Protein chains: 2
Amino acid sequence: MTTGDERTWTIAEVAEDYDVTLRTIRHYEDVGLLSPERRGTARVFRKRDRVRLGLILRGRRLGFSLDEISTIVNMYDEQPGEAGQLHYLIEQIDVRRRDLEQRRRDLDETLADLADVERRCHEDLARLDGAASGAAGGRADGPAPRRRP
Amino acid sequence: MTTGDERTWTIAEVAEDYDVTLRTIRHYEDVGLLSPERRGTARVFRKRDRVRLGLILRGRRLGFSLDEISTIVNMYDEQPGEAGQLHYLIEQIDVRRRDLEQRRRDLDETLADLADVERRCHEDLARLDGAASGAAGGRADGPAPRRRP
DNA sequence: CCTTACGTTTACGTAAGCGTAAAGCAGTCG
DNA sequence: CGACTGCTTTACGCTTACGTAAACGTAAGG
C-alpha cells in the first residue's frame, strides 16, 4: 500500500551520507549509472537509488571503470527476459567472477608480501635496538622525514 | 661468482612476456617505476626488473594508481635505514593492509552478489523451460523492450 | 650500399572521472 | 520585497595512463 510514499532524499543528503560530491552523483547520472526521479528539476532519491550508488562505489573501490561498473550493476536488475539473454548474462557473470578471483589472488599475494616486508622491518628494528646501547638516549625516535629519492 | 652475467632481456621480449606494450614499459620508466640499465641507449632488463614489472602489473590489476603502486613496490626494497624510517614504513604497510582488506570485503560481497544473480538466472531458465510448451516457438514474451545488443 | 628490424626520443592526442566556475530558477525567511 | 539557501545546467579545465605518430640511430644481412 505505502509503496508510493517511501522516504526520499535530496542530492545533498545522499552526497553527505555516501561521502561523495554532488558533482560525482550528477556525473553518475550523466553516464546513466543513476537515474533518480525529478520533482520539477530537482532530483529525488529513493532507497533503490541509494542501493545502486552503494554498488557503484563498491565497484569503484575495487578499481573498476565506470563502464565496467555499469555492466555489473545492470546485471542486478536485469529482467528475466528470454533464455538467450539469460545465458548471456550467466556468461558475463562468469567473466566477472574470473576477474574477481584473479584479483583476490593478487590481493592475497600482496598482503602476504606486505606481511613479509613488515616482518623484516621488525627484525631490523630488533637489530637496531640490540645495537642501540652506544647511542645517547634509547628513544632515538627522530621525526624521520625521509622518503623517496 | 657469476653475479655479473645473468640473463638479460630486451624491451620487446619483456613486453611480449608480460603482455604489455613497449610504450607502457617506457612509461613506467618515465614515472620512475622501472629503471633498467642501458647498453648505450638501449634498455637492458635483468631479472629484478622483471620482478618489479610483475609487482607493478599486479598492483595495476588491483586497481591501484601508478602513484600508489610506486609507494607499494618501493616498500619492498627499502633499505633498513633508521628506526624512525622503519616505523614509518610499518605504518604505511598498515595503511595499505587496511585498504586491501577493505577491498577483499568488497570483492567477496560482489562475488556473493554475482552468485545470487546467477542463481536467479538459473531459476528463471528453469521456469522458462517448464513453461516452454505453450506458445509456438516459446516466445510469448511481448513487452520488456530488451537489453544488450 | 640499402633494406629490414629493432631500438630510441619528443611530443601531441585521448578517454575517464571528476573539479570548478558561472549563471540562473525556486522556495522561504524576515 | 529582497536576500538567502539550495538546487539546477552548461561548459571548460585538469590528471592519469597510456596511444600514436614522427623522426632518427644502429647492427645484421643480402
Side-chain angles (χ1 to χ4, degrees), chain A residues 7-46 49-50 52-74 96 99 103 106 110 148, chain B residues 7-46 49-50 52-74 96 99 103 106:
Chain A
R7 160 128 202 230
T8 63
W9 291 264
T10 71
I11 188 174
E13 290 168 335
V14 175
E16 162 94 41
D17 292 349
Y18 286 83
D19 195 32
V20 292
T21 67
L22 307 187
R23 181 67 180 89
T24 297
I25 294 182
R26 294 192 185 115
H27 181 64
Y28 291 163
E29 183 175 359
D30 282 349
V31 298
L33 275 172
L34 291 176
S35 35
E37 290 170 37
R38 297 298 182 115
R39 193 122 58 208
T41 77
R43 292 168 177 84
V44 176
F45 293 81
R46 302 175 110 80
D49 302 308
R50 291 173 63 102
R52 248 182 112 83
L53 179 56
L55 292 176
I56 295 167
L57 296 180
R58 196 176 69 187
R60 197 176 69 168
R61 285 196 301 274
L62 285 173
F64 287 115
S65 74
L66 294 190
D67 240 53
E68 293 174 300
I69 291 175
S70 181
T71 72
I72 294 176
V73 299
N74 282 328
R96 281 292 137 217
D99 182 2
R103 273 167 198 254
D106 288 333
T110 305
R148 310 257 57 262
Chain B
R7 158 126 205 231
T8 62
W9 290 264
T10 70
I11 187 173
E13 290 169 334
V14 175
E16 161 95 41
D17 292 349
Y18 286 82
D19 194 32
V20 292
T21 67
L22 306 188
R23 179 67 180 89
T24 297
I25 293 182
R26 294 191 186 117
H27 181 64
Y28 291 164
E29 182 174 0
D30 281 351
V31 299
L33 275 172
L34 291 176
S35 34
E37 291 169 36
R38 297 297 183 117
R39 195 121 61 208
T41 77
R43 294 169 176 82
V44 176
F45 293 81
R46 302 175 110 82
D49 302 307
R50 291 173 63 102
R52 248 182 112 84
L53 179 55
L55 292 176
I56 295 168
L57 295 179
R58 196 176 68 188
R60 195 176 70 167
R61 284 196 301 273
L62 286 172
F64 287 115
S65 73
L66 293 190
D67 239 54
E68 293 175 299
I69 291 176
S70 181
T71 72
I72 295 176
V73 300
N74 283 326
R96 279 294 136 217
D99 183 2
R103 273 166 196 256
D106 287 333

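Only heavy atoms go into these numbers, but all of them, side chains included; no hydrogens, no water, no symmetry mates. This is a predicted model, so every value here is computed, not measured. Order of the sequence lines sets the chain letters (A, B, ...), proteins ahead of strands, with each chain counted from 1.
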> Looking across every strand, which nucleic acid part, if any, lies under 4.0 Å from B/Ile11 by heavy atom: base, sugar-phosphate, or nothing?
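Since only primed, P, OP1 and OP2 atoms lie under 4.0 Å of B/Ile11, the category is sugar-phosphate.
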
> Donor-acceptor pair, B/Tyr18 side chain versus B/Glu13 backbone, under 3.5 Å?
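No, because the side chain of B/Tyr18 does not come within donor-acceptor range (under 3.5 Å) of the backbone of B/Glu13.
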
> Please check if the side chain of A/Arg39 supplies one atom and the backbone of A/Ala42 the other of a donor-acceptor pair under 3.5 Å.
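Checking the backbone N and O of A/Ala42 against the side chain of A/Arg39, no donor-acceptor pair under 3.5 Å is found.
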
> Tell me the interatomic distance from A/Glu68, atom CD, to C/dA16, atom C1', rounded to whole angstroms.
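It works out to 12 Å between those atoms.
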
> Measure from CG on B/Leu57 to C1' on D/dA17 and round the result to the nearest Å.
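After rounding, the reported distance stands at 13 Å.
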
> Have a look at A/Asp106 and tell me which of B/Arg58, B/Arg60, B/Arg103, B/Arg61 forms a side chain to side chain donor-acceptor pair (under 3.5 Å) with it.
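Result: among B/Arg58, B/Arg60, B/Arg103, B/Arg61, B/Arg61 is the only option passing the side chain to side chain donor-acceptor pair (under 3.5 Å) with A/Asp106.
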
> Within this structure, what is the CD1-to-P distance between A/Ile69 and C/dA15, rounded to whole angstrom?
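Computing the A/Ile69:CD1 to C/dA15:P distance gives 20 Å.
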
> Distance check needed: C/dG7 P versus B/Arg23 CZ, whole Å only.
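Atom CZ in B/Arg23 sits about 16 Å away from atom P in C/dG7.
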
> I need the residues from residues 24-45 of chain B with at least one non-hydrogen atom less than 4.0 Å from DNA chain C; give them sorted by number, or say none.
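The stretch gives B/Arg26, B/Arg38, B/Thr41, B/Ala42, B/Arg43 as the residues lying under 4.0 Å from the strand, ordered by number.
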
> Would you say A/Glu68 has more than 12 foreign heavy atoms packed within less than 6.0 Å of its CD?
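More than 12 within 6.0 Å, yes.
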
> Considering just the side-chain nitrogens and oxygens of A/Thr21, establish if one lies under 4.0 Å of OP1 or OP2 belonging to C/dC18.
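It does not, given that no N or O in the side chain of A/Thr21 lies less than 4.0 Å from OP1 or OP2 of C/dC18.
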
> Starting from P on D/dC14, measure out to CG on B/Asp67 and report it in whole angstrom.
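Answer to the nearest Å: 19 Å.
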
> Return yes if some donor-acceptor pair links the side-chain N/O of A/Arg52 with the main-chain N/O of A/Leu33 below 3.5 Å, else return no.
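Answer holds: yes.
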
> Does the pair B/Asp49/B/Arg46 count as a salt bridge with the N-to-O cut at 4.0 Å?
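The answer is no: the pair does not qualify as a salt bridge.
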
> Within this structure, what is the CG-to-P distance between A/Leu22 and C/dA21, rounded to whole angstrom?
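Going from CG in A/Leu22 over to P in C/dA21 covers 14 Å.
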
> Atom CZ of B/Arg60 and atom C1' of D/dT16: how far apart are they, to the nearest Å?
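B/Arg60 atom CZ is separated from D/dT16 atom C1' by 13 Å.
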
